[in-house]
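Scroll down for the structure; my scribbles are underneath it.
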Number of protein chains: 2
Amino acid sequence: MISQKAKYALRALIALARAENPGDVLLISDIAERQRIPKKFLEQILLDLKHHGVVVSRRGKLGGYLLLKKPSEITFGEVLRIIDGPIAPLPCLSRMAYRRCEDCAEEEACEVRRVFARVAAATRDVLDGTTIADCIMGEVRDEARALIA
Amino acid sequence: MISQKAKYALRALIALARAENPGDVLLISDIAERQRIPKKFLEQILLDLKHHGVVVSRRGKLGGYLLLKKPSEITFGEVLRIIDGPIAPLPCLSRMAYRRCEDCAEEEACEVRRVFARVAAATRDVLDGTTIADCIMGEVRDEARALIA
DNA sequence: TAATACTCTACCGTTCCGATAGAGTTAATC
DNA sequence: GATTAACTCTATCGGAACGGTAGAGTATTA
């Protein structure tokens with residue numbers, strides 16, 4: 001299960017990517033309200049994304065948030081790693097935070113590890129291969145499809 | 001991340017599947033010791049697997065555990081669902097424990113859900129497609145390969 | 001009846017999750 | 001330069017989950 005926090009982060013980024021004119025700032029309050037995210041909670045999330053160079057903010061009156069990276073360069077995997085930490089199903093399969101399993105005799109021979117390595121690979125394929133831009137485009141494509149139908 | 005408990009469960013089942021003569025009972029203590037699992041914790045796990053019809057036990061002297069299902073009929077997915085609960089990355093994608101996301105306007109339009117549906121499908125493919133027998137056989141194949149080389 | 005091994009329920013310390021609170025800082029406007 | 005609007009940062013909190021321990025109870029065999 002991914003955390004609620006990661007879900008909020010992704011939804012906030014999608015909202016930012018969808019902003020009318022690229023370069024427009026969005027208020028935390030507006031995102032929070034439209035996406036039904038507790039405002040103070042969203043503040044922390046956006047701050048975190050800012051510290052990791054995904055978004056930037058302007059302070060004071062007329063302040064707000066906007067994307068720093070292009071939507072096509074923000075992957076789901078990146079966001080999840082920032083918010084939730086390692087994606088791998090076992091610590092001994094994590095790239096960003098490898099940790100040996102204490103109770104495992106030899107890693108290479110571990111049957112459980114072998115199976116979950118396949119899960120990890122498949123998961124990474126999807127998450128590192130899908131960007132914020134992708135899921136917005138998917139929507140546009142669906143709208144087009146609906147118009148044609 | 002899968003839980004430590006699930007990892008233990010899988011390792012215990014692999015140990016049972018590997019028992020010398022099919023039908024031999026294994027002591028909790030023996031499995032615990034050989035797999036470095038806290039004994040009392042393993043008791044709970046095996047009991048749980050028993051309640052779900054994966055293993056059976058004999059009590060008293062000469063007691064112990066053995067598999068009820070064939071190794072080729074016990075999938076990783078089944079074990080994980082028993083021990084850890086739903087596998088799906090979002091409650092709204094779970095088959096065994098579907099729950100609507102409170103904060104999601106329309107499920108069908110949810111971009112996050114769409115992406116994670118692909119993760120869920122890929123994960124299920126592996127976990128429901130891999131059995132205890134598979135990972136023991138894999139090992140045998142590796143040994144054979146080593147002998148040939 | 002003694003010994004052995006599984007069965008069941010309760011509990012416990014720690015960490016994580018989701019969220020809230022509030023004081024502080026920056027920037028625009030009047 | 002005071003006011004207001006907005007982000008920034010740190011602390012805290014209640015509840016649940018995780019990993020594990022404890023111990024009394026029950027069945028089976030010798």
Side-chain angles (χ1 to χ4, degrees), chain A residues 1-12 16 24-33 35-52 54-68 80 82-86 89-91 97 99 101-103, chain B residues 1-12 16 24-33 35-52 54-68 80 82-86 89-91 97 99 101-103:
Chain A
M1 291 273 181
I2 73 167
S3 70
Q4 188 73 3
K5 201 169 173 181
K7 221 191 310 178
Y8 288 158
L10 289 168
R11 292 230 308 263
L16 285 169
D24 273 7
V25 300
L26 258 57
L27 296 182
I28 293 180
S29 331
D30 286 355
I31 302 175
E33 200 169 327
Q35 302 286 330
R36 298 202 222 156
I37 303 173
K39 187 190 162 192
K40 293 296 280 181
F41 199 24
L42 180 57
E43 284 183 8
Q44 291 180 41
I45 294 167
L46 287 171
L47 206 49
D48 211 354
L49 292 174
K50 176 186 172 176
H51 291 322
H52 284 86
V54 180
V55 299
V56 285
S57 65
R58 256 185 13 214
R59 297 172 71 155
K61 219 165 196 172
L62 304 191
Y65 271 93
L66 47 82
L67 294 184
L68 173 56
L80 281 176
I82 291 172
I83 304 294
D84 281 355
L90 292 173
R99 252 186 41 233
C101 296
E102 296 304 324
D103 50 314
Chain B
M1 293 275 181
I2 71 166
S3 71
Q4 189 72 3
K5 202 170 173 179
K7 223 190 307 178
Y8 289 158
L10 289 167
R11 292 229 307 263
L16 285 169
D24 274 7
V25 300
L26 258 57
L27 295 182
I28 294 181
S29 331
D30 287 355
I31 302 175
E33 201 170 325
Q35 302 287 330
R36 298 202 221 157
I37 304 172
K39 187 190 163 193
K40 293 296 282 180
F41 198 25
L42 181 57
E43 284 182 9
Q44 290 180 43
I45 295 167
L46 287 171
L47 204 51
D48 211 353
L49 292 174
K50 177 189 172 172
H51 291 322
H52 284 86
V54 180
V55 298
V56 285
S57 65
R58 257 184 11 214
R59 296 172 73 155
K61 223 167 194 174
L62 304 190
Y65 272 93
L66 47 81
L67 294 183
L68 174 55
L80 282 176
I82 291 171
I83 304 293
D84 281 354
L90 292 173
R99 252 186 40 234
C101 295
E102 295 305 322
D103 50 314

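Note that the coordinates shown come from a computational prediction; the quantities given were computed from them, not determined experimentally. Below, chain A is the first sequence line, B the second, and so on; all start at residue 1.
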How many whole angstroms separate atom CD1 of A:I83 from atom C1' of C:dG18? 13 Å

Is the phosphate of D:dC18 approached by B:Y8 (side-chain N or O, under 4.0 Å from OP1 or OP2)? no

Quick one: pull up CG in B:D84 and CD in B:Q4 and give me the separation to the nearest 0.5 Å. 10.5 Å

Please report the distance, rounded to the nearest Å, between CZ in A:F41 and C1' in D:dC9. 16 Å

In 5'-to-3' order, the base (B), backbone-only (S) or no-contact (-) status of each nucleotide in nucleotides 23-30 of chain D, using a 4.0 angstrom heavy-atom cut-off, is B-BBBBBS

What is the distance from CD1 of B:I2 to P of D:dA17, rounded to the nearest Å? 18 Å

Hey, could you give me the CG/OG distance between A:L80 and A:S3, rounded to the nearest 0.5 Å? 7.5 Å

Is the closest side-chain heavy-atom distance between A:I2 and B:L90 below 4.5 Å? yes

Rounded to whole angstroms, how far apart are CG on A:D48 and P on D:dT8? 12 Å

How many whole angstroms separate atom CG of B:D103 from atom C1' of C:dA19? 14 Å

Between atom CD1 in B:I37 and atom C1' in D:dG19, what is the gap in whole Å? 13 Å

Presence of A:S57 side-chain N/O under 4.0 Å of D:dT8 phosphate oxygens OP1/OP2: yes

Between P of D:dA17 and NZ of B:K5, the distance in whole Å: 12 Å

If only atom types and distance count, is the side chain of B:R11 paired as donor or acceptor with the main-chain N or O of B:Q35 below 3.5 Å? yes

Could you tell me whether the phosphate oxygens of D:dT8, OP1 or OP2, come under 4.0 Å of any side-chain nitrogen or oxygen in A:K50? yes

All heavy atoms of B:L46 vs all of B:V55, minimum pair found to be O-CG2, 3.7 Å

Could you tell me the separation between the CE atom of A:M1 and the P atom of C:dG18, rounded to a whole number of Å? 11 Å

Which heavy atom of A:Y65 sits nearest to which heavy atom of A:L47, and what is that distance? OH-N, 3.6 Å

How is B:I28 classified with respect to the nucleic acid when contacts are heavy atoms under 4.0 Å: base, sugar-phosphate, or nothing? sugar-phosphate

Looking at CD of A:Q44 and CD1 of A:I83, how far apart are the two atoms once the value is rounded to the nearest 0.5 Å? 10.0 Å

Would you indicate what B:L46 reaches in the nucleic acid, counting non-hydrogen atoms under 4.0 angstrom: base, sugar-phosphate, or nothing? nothing

If you compare every side-chain N and O of A:H51 against the phosphate oxygens of D:dT8 (OP1, OP2), does one of them come in below 4.0 Å? no

